[in-house]
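In what follows, a single structure is set out as C-alpha cells and then discussed.
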Amino acid sequence: MPVARPETSDARVIAHVDMDCFYVQVEQRKQPELRGLPTAVVQYNEWQGGALIAVSYEARGCGVKRSMRGEEAKAACPEIQLVQVPVARGKADLNTYRSAGSEVVSILAQSGKCERASIDEVYLDLTDAAESMLADAPPESLESIDEEALKSHILGMTREDGDDFKESVRDWICRKDADRRDKLLGCGIIIVAELRKQVLKETEFSCSAGIAHNKMLAKLASGMNKPAQQTVVPYAAVQELLSSLPIKKMKQLGGKLGTSLQTDLGIDTVGDLLQFSETKLQEHYGVNTGTWLWNIARGISGEEVQGRLLPKSHGSGKTFPGPRALRSLSNVQHWLNQLSEELYERLSSDLEQNKRIASTLTLHASAFRSKDSDSHKKFPSKSCPLRYGVTKIQEDAFNLFQAALREYMGPFGTKPQGNKKETWRITGLSVSASKIVDIPSGTSSIMRYFQSQSTIPSCSASGCPQEHVAVTPSASESCSEQKSAEAAMPEEDITVTYTSPDLDNSYRDSDMVPEKFPCQDVVSCLSTGAMEFPTQSGSNRDTPTKTIGRKTNNSKEKNGGMPSIVDIFKNYSATPQSKQETQEDSTVSLTSKRGNLSSSTSHSSEVNQEVEDRRDTEWGYKVGEIDQSVFDELPYEIQREYRSLLRPNKRPNAGKSKGGDGSASSSIAHYFPPLKR
DNA sequence: ACGGGTATGACC
DNA sequence: TGGTCATAC
C-alpha cells in the first residue's frame, strides 16, 4: 500500500522511461524481418495458442489485445506474427528480456540517478543534469533544439491555430519568462530526447517517456503518447490533468483500493478526491494511505528515485493450471529442481557480474485440496537461509515445500477423516532468492583472507552421502512416500495422498527450516564446485553473453575438476582496488554488446573495453555462505566486516534471540552469535 | 480453475 | 522477523 511522502521543496526533474511493447521489440531485433509487421509474443502454452504477453502497435491497430489467446489474436488479425517466449527447463525463460532491459538501464544510468522499476521501465532523477544545463547552456541560448525534443507533447500547451507545432514547443522550451520549474522541465525535455535517441541508436529499442516534477506524474505522462514519444507535465497543467483522470489510471489505484474509492466514496476521477478532507480519507483507509490519497489528488508525491539498477530479488516460478496441477511429491520435486536450477543460474550470474550474494531462499506455492469445503486455504510460504549450490537449493526448496505442505494440510494432517484420504493439488510453484547484498571488493580483508588460503581441503572429496543430505527430521519422517515417489518418473502423475506425521514431531518441527547439512564446511560453502558458471553452451546461447573478460578459461583442475572459490579470487587479485563510486548501492551489470554470439567466450569486446576495465577493478570474491564454525575461526576483523556487510544498520547480534537453537541456522546471514576474540 | 512469470512494498 | 497481501507490467 502506498505511503505518503512529503514533496521536497525544490522542484525536481523526474523522467519515467517506458519501453514500447518491449518483448516484441526484443524479438524483432532478433528477427528483423518481423519489424513493421503486426507481431505478438506468446508464452508457450498448448492451450488455445498460448497467452499474449506483448503486442506490437501494428497488431494493436487491428484489435489485438494483451491477454488474448494466440488463437483469438489470429482471428482478429490473421497476418499476425506470433513469436514464442524462449523455453528452458520446461518453463518460460525471460533471460533475454532481462538482459535487453539491462542494456537500456546501463545507458540511462549515465545521466543521473536511475531506478530500474521493472524489466522495461526506468525512473530517472534528472534534477542535477537539468540544473547544470540551465546554468551552463540554457535552452534559450542554444541555436537549435533537438528535433526529437521538438516532438514532445507538452500538456496544457495552448497551440494557436495554424501554428507550427514544433515552433510552439520550441517557444515553450526556450521561453525566457518561464518560471524556474518550467525551465528545468525544458532542460529535462532536451536531456530525455537525447537519451531516447541514444537508447535507440545503441539498442535499437524505441521507448516513450514522461517528464515531470515527480515520479507519479512522470509515470502518468509516459503512457500518454506511445510509442516512441515523450510527454511533459508542467506544473501548471497538473490540476487539469488530474481533474478528469479516472481514478483507476493512477498507479496503485488500479486494484482494490481504486475500486473501493469508486464504490464506497463515489470517486471516479482523481479530481473527485479533492472534495475529501485528509482526515476523512484517513478514516477510511488509514493514516498513511489517507494522506497519500490526499496528496496525489493534488499531484504531490515526494517519492524519490531510488538509485538501484539491479533487482532486489530473483525468482523462478511456474503455474500448473487446472488439469495440470501437480499431485505427487515426486512431480513437485521434479519441478522444484527445474526452478531451482534456473534460480541458481541467475544467482551465479548475479554473483559473477555484480558481486552480490543472496541470503534467503523462499518457496511459494499455491494449492487446493479437492475434498474440502475450505479448499482454497492459502498454501504458506516458507523461507530459509540460502546456500549456494544447485543441489543445495533444490534440497532446501523441497524441504521447504514439505514443511509448508504439512502446515497446509493441517497439524492433524488429513488423516482419514472417514475413509477418504485428503489429496492436494499444486497449481503453482516458485522459488526466489532475496536479501541480496553487495560484496565490497578490492581492499576487503575478507578477500585478502581468502587469497591467503592457497589451498582448501575439499569436502566433496570426502563425500557427502546423499542420505545425510536429506531433510529436516520431521520432513523426512513425515514423508514416507518420498522414497518410492522419487523412483517414479517425474513426468508421470502418481497420486500420492498426504498422511500426517505423528503428532509429536509435527508440532515440534512445524516451523523449522532445513537443518545444517553435515558436510557444510568451508569448502562446501566456498567451493564453486557446485557453482558452475554459465557458459556459452546450451540454453544460454541466445542470451547476449554476460561473460566478463577473461574469466571462463580459468582453472577447473582443482577440486575434482571444478573451479573453487580460490581460483576465482586469484583471477581478480591482480587488480585489487576499491570499488568505484557508484550511485547509491549498486552498479549495473553491463552486459556485453549484443550480437557476436559465436566468439564471445574468451574475449571482451573492444567496444566495452573501458567498461570492463572498470569492472575488473570492482571484482571481488564470492562468498555464498560461511558455516558458523568456520566463521568463528575467522579473524576478528573479518567477522566484524562480514557482519556489517550483512547487517549494515544494526549492531551485531542486536536482534532478540528467537529462543531457538541458533546453531540450526546454517548461514551467518541469519545467525550472529556474540563475537569471539 | 489461465494473464504467466516476476518483482516491489506495506503491514502485522 | 517471516509471511501475507496488494499491485503492476
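All chains are named by letter (A, B, ...) in the order of the sequence lines, taking the proteins before the strands, and each is independently numbered beginning at 1. As the structure is a prediction and not an experimental result, all values here were calculated from the model.
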Would you indicate which nucleotide in [options] comes nearest to any side-chain atom of [X]?
X	options	result
P311(A)	dG3(B), dT6(B), dA7(B)	dA7(B)
R66(A)	dC9(C), dG5(B), dA7(B)	dC9(C)
L257(A)	dT8(B), dT7(C), dT6(B)	dT7(C)
L94(A)	dA1(B), dG2(C), dT6(B)	dT6(B)
S381(A)	dT8(B), dG4(B), dG3(C)	dG3(C)
K312(A)	dT7(C), dA1(B), dT8(B)	dT8(B)

Quick one: is [N] close enough that its OP1 or OP2 comes under 4.0 Å of any side-chain N or O from [X]?
X	N	answer
R346(A)	dA7(B)	yes
K251(A)	dA8(C)	no
R69(A)	dG3(B)	no
R116(A)	dT8(B)	no
S430(A)	dG5(B)	no
R98(A)	dT6(B)	yes
K435(A)	dT8(B)	no
S118(A)	dA8(C)	no
K382(A)	dG3(C)	yes
K248(A)	dT7(C)	no
N288(A)	dA10(B)	no
S313(A)	dT8(B)	yes
T427(A)	dA1(B)	yes

(Q) Test of understanding: with side chain to side chain contact (heavy atoms under 4.5 Å, CB included), list the residues that count as partners of A209(A), not counting sequence neighbours. (A) V17(A), V192(A), R196(A), Q230(A)
(Q) Taking side chain to side chain contact (heavy atoms under 4.5 Å, CB included) as the definition, give me every residue that meets it alongside V42(A), ordered by chain and number, with sequence neighbours left out. (A) L52(A), L82(A), Q84(A)
Q: Check the side chains of T39(A) and E58(A) for a donor-acceptor pair under 3.5 angstrom, ignoring hydrogens and angles.
A: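 Result is no, nothing qualifies.
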Q | Distance-only donor-acceptor check, side chains H314(A) and D350(A), under 3.5 Å | A | yes
Q) Given E395(A) and R387(A), is the salt bridge (Lys or Arg N to Asp or Glu O under 4.0 Å) satisfied, shown in steps? A) CA-CA 10 Å; E395(A) 286 159 3; R387(A) 306 180 302 142; 3.7 Å; yes
